[in-house]
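Working notes for the structure below.
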Amino acid sequence: MNSLSEYSALTDPVLARHAPADPQAFAELYRRHATSVFRYHVAHTGSHSDAEDLTSQTFMAALEGIRSYRGTGSYVAWLMGIAARKRALFFRGKRPEVGLSELPDLPSPGPSTDEAAGHRIQMDEILRGLRNLSPDRAEALILCFFSGLDPAEAGRVMGRSPAAVKMLISRGLRDLRTRTAFAMEIDHE
Amino acid sequence: MNRNLFGSFDEADVARALREAAQDIQMSASFERQLEDRLIASHKAAVKPARGLGSRLIPSVGWALLAAVALILLNTALPAMVPGRGANLIGPVNFESAVRDGVMCEGRLAALHGFSVSVTSPDKTRLIELDPQREIGELRSISWSPDGLTLAAIGNTNGGGRIYFADPDNDMLSVPHPGWPFGYLEGLAWSWDGEEILTWELNNNRRLYFINAESGASATGALSVQFFETPQFTPDNQAVMFYGADEAADGLFQVKRNGANGTQVLLISDLVAGPRSLAWSPRGNRLAYMEMDRNLGEARLVIQDSSNTIRTVIAMLPIPKGSGSSLPQAANLSWSPDGNLLVFEFGRNSSDRAVHLAFADGSGQVLLAQSAHAPAISADGRCLAYINGREIFLLDLAAAVTPQSGTASSPVRLADLPAGRGRTDFQMDRLQWQPIPVAGR
């Protein structure tokens with residue numbers, strides 16, 4: 001068995017080429033992109049448990065379909081396309097609600113109780129704000145800010161040009177600012 | 001005390017808030033580990049145990065070294081054994097290998113034939129048909145977006161038309177905006193900035209639809225001139241150009257979009273006599289078009305600067321003088337990415353149609369291929385693709401063509417044309433290379 005460091009030095013397309021026959025190559029791809037996929041699903045569903053289910057579905061589908069990735073274009077864009085389709089299926093006939101109890105856990109060491117409450121309020125407002133946007137603007141923001149894609153990669157997922165994605169991001173940020181009431185505490189130094 | 005302060009922040013602050021929120025989202029370590037274990041177990045259950053990467057690399061490296069040695073021997077030994085033919089023996093093999101390996105002719109080649117659309121596989125050994133289940137009645141008029149990320153196509157089913165986008169990662173067609181149904185659509189074209197698509201319906205060749213590629217919002221433009229082909233945007237996206245006709249003349253028209261003031265029509269040339277015989281240079285500073293002058297008996301390839309003030313004839317071909325005889329057609333005029341070459345097809349029918357090349361500085365012209373049509377130059381400027389019969393060929397443009405020799409190198413067969421949904425005239429065939437954006441364009 002080759003060392004994990006050997007796999008970590010390989011690019012996504014090379015790993016994807018070997019992944020159909022090499023489980024560790026696929027595992028390396030999983031380790032690299034699992035957080036991006038998870039954050040994408042949390043941003044859409046607002047639910048930690050739903051996001052875990054969707055993340056599992058996404059990677060199982062990616063494993064089944066790894067041979068269909070032809071190495072043209074970004075692997076993460078291909079993967080996020082699968083995530084987007086899983087998310088679309090999840091939302092058929094479903095209106096997700098975000099409650100504070102569903103918000104993701106914060107990394108430890110945890111903040112103080114007041115700070116934790118502030119963070120949860122902010123997260124709640126952000127996720128609600130995203131759901132108040134047009135679907136395309138929300139999708140562009142989530143892909144780029146939560147999943148870490150660049151506009152070209154997000155454009156591949158959405159079937160749009162990078163210029164169109166940048167415009168969606170700009171307008172989405174403006175909409176978030178003007179339509180959503182964010183309750184934030186400012187630390188004065 | 002909490003207060004709403006977000007309204008005073010600019011977009012950068014909103015963006016920072018989103019990034020910070022994203023960083024706060026983490027999977028639990030247990031879930032992450034359990035999912036990884038499940039994936040590995042599923043993978044192993046589905047396939048045989050694989051050799052590690054290293055044990056496959058070593059034999060591959062060995063074969064690569066052997067191949068390199070063999071290539072060196074061929075380069076040195078064979079020219080001595082076969083005088084005068086050494087270079088030709090090695091050149092075509094290298095060109096084909098370079099194409100298959102993606103070193104030359106970067107990007108995918110899209111092909112429209114028989115109401116079906118295909119794109120080359122990454123190794124360019126075959127064509128992959130889009131919509132292989134043929135859920136769409138017919139496909140026509142393909143066009144890559146300027147950034148090369150999207151291949152758009154017109155699809156008509158049961159008399160209704162839609163614009164489809166091809167997903168390059170899974171070769172599937174999708175409808176980006178479900179609210180786009182039109183009547184039977186003829187063609188489409190992208191604006192130079194990739195923000196708009198124009199299209200038109202068969203039953204009205206005086207009306208254009210301008211569709212925002214992002215939002216799907218559409219606007220209609222009514223023209224006083226009939227267009228006989230899908231118009232092209234001008235580089236400033238403020239006008240469209242096409243072969244068409246008004247009450248007074250037919251020829252190459254430019255129609256400006258003046259918003260509330262309507263449109264402004266300009267007849268560029270009344271000697272342009274057919275569709276697909278105009279092309280803007282890649283930088284948008286020169287316009288090329290083919291004129292058919294029956295009085296002088298010549299077809300002229302003209303280059304005009306964007307201010308419409310300076311015209312230069314860079315190539316000529318003979319045509320019948322006077323009226324009565326049928327005119328050959330010039331079509332699929334296109335530029336090389338560096339703006340130094342133009343290619344076009346010329347002829348009456350598929351058997352006498354040939355692909356020609358002209359140097360933009362007027363230094364010469366070359367007959368590249370006979371019985372050929374639908375020429376297209378790759379984004380790296382190295383390859384010319386064209387159709388001959390039922391096959392697609394590639395020609396190494398950079399290696400062989402010189403104005404002095406007037407000869408071309410041997411072409412390489414790329415693939416068979418897919419069968420398509422139905423029989424169509426060869427004039428509906430199209431080849432289009434995927435653009436690769438150039439910085440500073």
Side-chain angles (χ1 to χ4, degrees), chain A residues 1-2 6-7 18 20-23 25-27 30-31 34-35 38-39 42 52 55-56 59-60 63 68-73 77-78 81 104-107 119 122-123 126 136 141 145-146 152 155-156 159-164 167-168 170 173-174 176-178 180-186, chain B residues 1-7 9-15 17-28 31-32 35-36 38-44 46-56 108 121-122 145-147 149-150 165 167-171 174 176 193-195 213-215:
Chain A
M1 182 79 70
N2 295 287
E6 183 175 332
Y7 289 101
H18 292 284
D22 187 346
F26 187 83
Y30 164 78
R31 285 188 288 270
T35 300
F38 182 75
R39 285 174 177 168
V42 168
E52 287 181 347
T55 301
S56 299
F59 279 99
M60 290 304 292
L63 176 61
S68 71
Y69 172 66
R70 294 192 172 85
T72 57
W78 176 81
D105 296 328
L106 296 170
H119 278 295
Q122 179 178 344
M123 178 70 73
I126 287 173
D136 283 347
L141 289 177
F145 288 95
F146 286 79
R156 281 182 175 269
R160 303 292 184 82
S161 68
M167 189 168 297
L168 285 170
S170 175
L173 290 174
R174 190 182 62 213
L176 271 180
R177 187 191 66 187
T178 58
T180 308
F182 275 73
M184 296 179 66
E185 290 187 2
I186 293 182
Chain B
M1 181 174 70
N2 293 336
R3 57 198 173 97
N4 177 17
L5 294 171
F6 217 74
F9 291 177
D10 62 17
E11 290 178 13
D13 294 306
V14 180
L18 287 177
R19 288 193 195 94
E20 289 171 357
Q23 291 300 316
D24 285 344
I25 299 173
Q26 299 288 344
M27 285 188 290
S28 70
F31 167 75
E32 188 172 3
L35 180 54
E36 180 173 345
R38 263 181 60 204
L39 290 168
I40 291 177
S42 297
H43 191 298
K44 288 179 177 176
V47 298
K48 292 180 183 176
R51 289 178 298 155
L53 191 60
S55 59
R56 287 198 296 276
R108 306 180 81 174
S121 58
S145 59
D147 59 12
L149 290 182
T150 305
F165 284 176
D167 183 338
D169 292 319
N170 60 25
D171 296 324
S174 62
D193 58 7
E195 297 295 320
E214 174 211 334
S215 66

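All heavy atoms count here, side chains included; hydrogens, waters and symmetry mates do not. Labels below follow one simple rule: chain letters A, B, ... track the order of the sequence lines, proteins then strands, and each chain is numbered from 1.
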_Beyond-backbone contact of B:Glu214 with A:Leu168, side-chain heavy atoms, under 4.5 angstrom_ = yes
_Minimal non-hydrogen separation, A:Ala164 against B:Glu195, with atom names_ = N-OE2, 4.0 Å
_Test item: B:Thr150 and A:Arg160 side chains (from C-beta on) under 4.5 Å apart, heavy atoms_ = no
*chain B contact via A:Leu63 - side chain, backbone, both or neither, heavy atoms under 4.5 Å*: side chain
*So, do A:Arg39 and B:Gln23 sit near enough that their side-chain heavy atoms are less than 4.5 Å apart?*
yes
*Sequence-distant partners of A:Ala27, side-chain contact (heavy atoms from CB on, under 4.5 Å), two or more places apart*: A:Gln24, A:Arg31, B:Glu36, B:Ile40
*Side chain, backbone, both or neither: which part of A:Phe145 has a heavy atom under 4.5 Å from chain B?*
both
*Of all the heavy-atom pairs spanning B:Ser42 and A:Met60, show the shortest one and how long it is.*
OG-CE, 3.5 Å
*Looking at A:Pro162 and B:Leu149, what are the two nearest heavy atoms and their distance?*
CD-CD1, 3.1 Å
*What residues form a ring-ring contact (aromatic ring centres under 6.0 Å, His included) with A:Tyr30, not counting sequence neighbours?*
A:Phe59
*Which heavy atom in A:Ile126 sits nearest to a heavy atom in B:Ala21, and how many Å separate them?*
CD1-CB, 3.5 Å
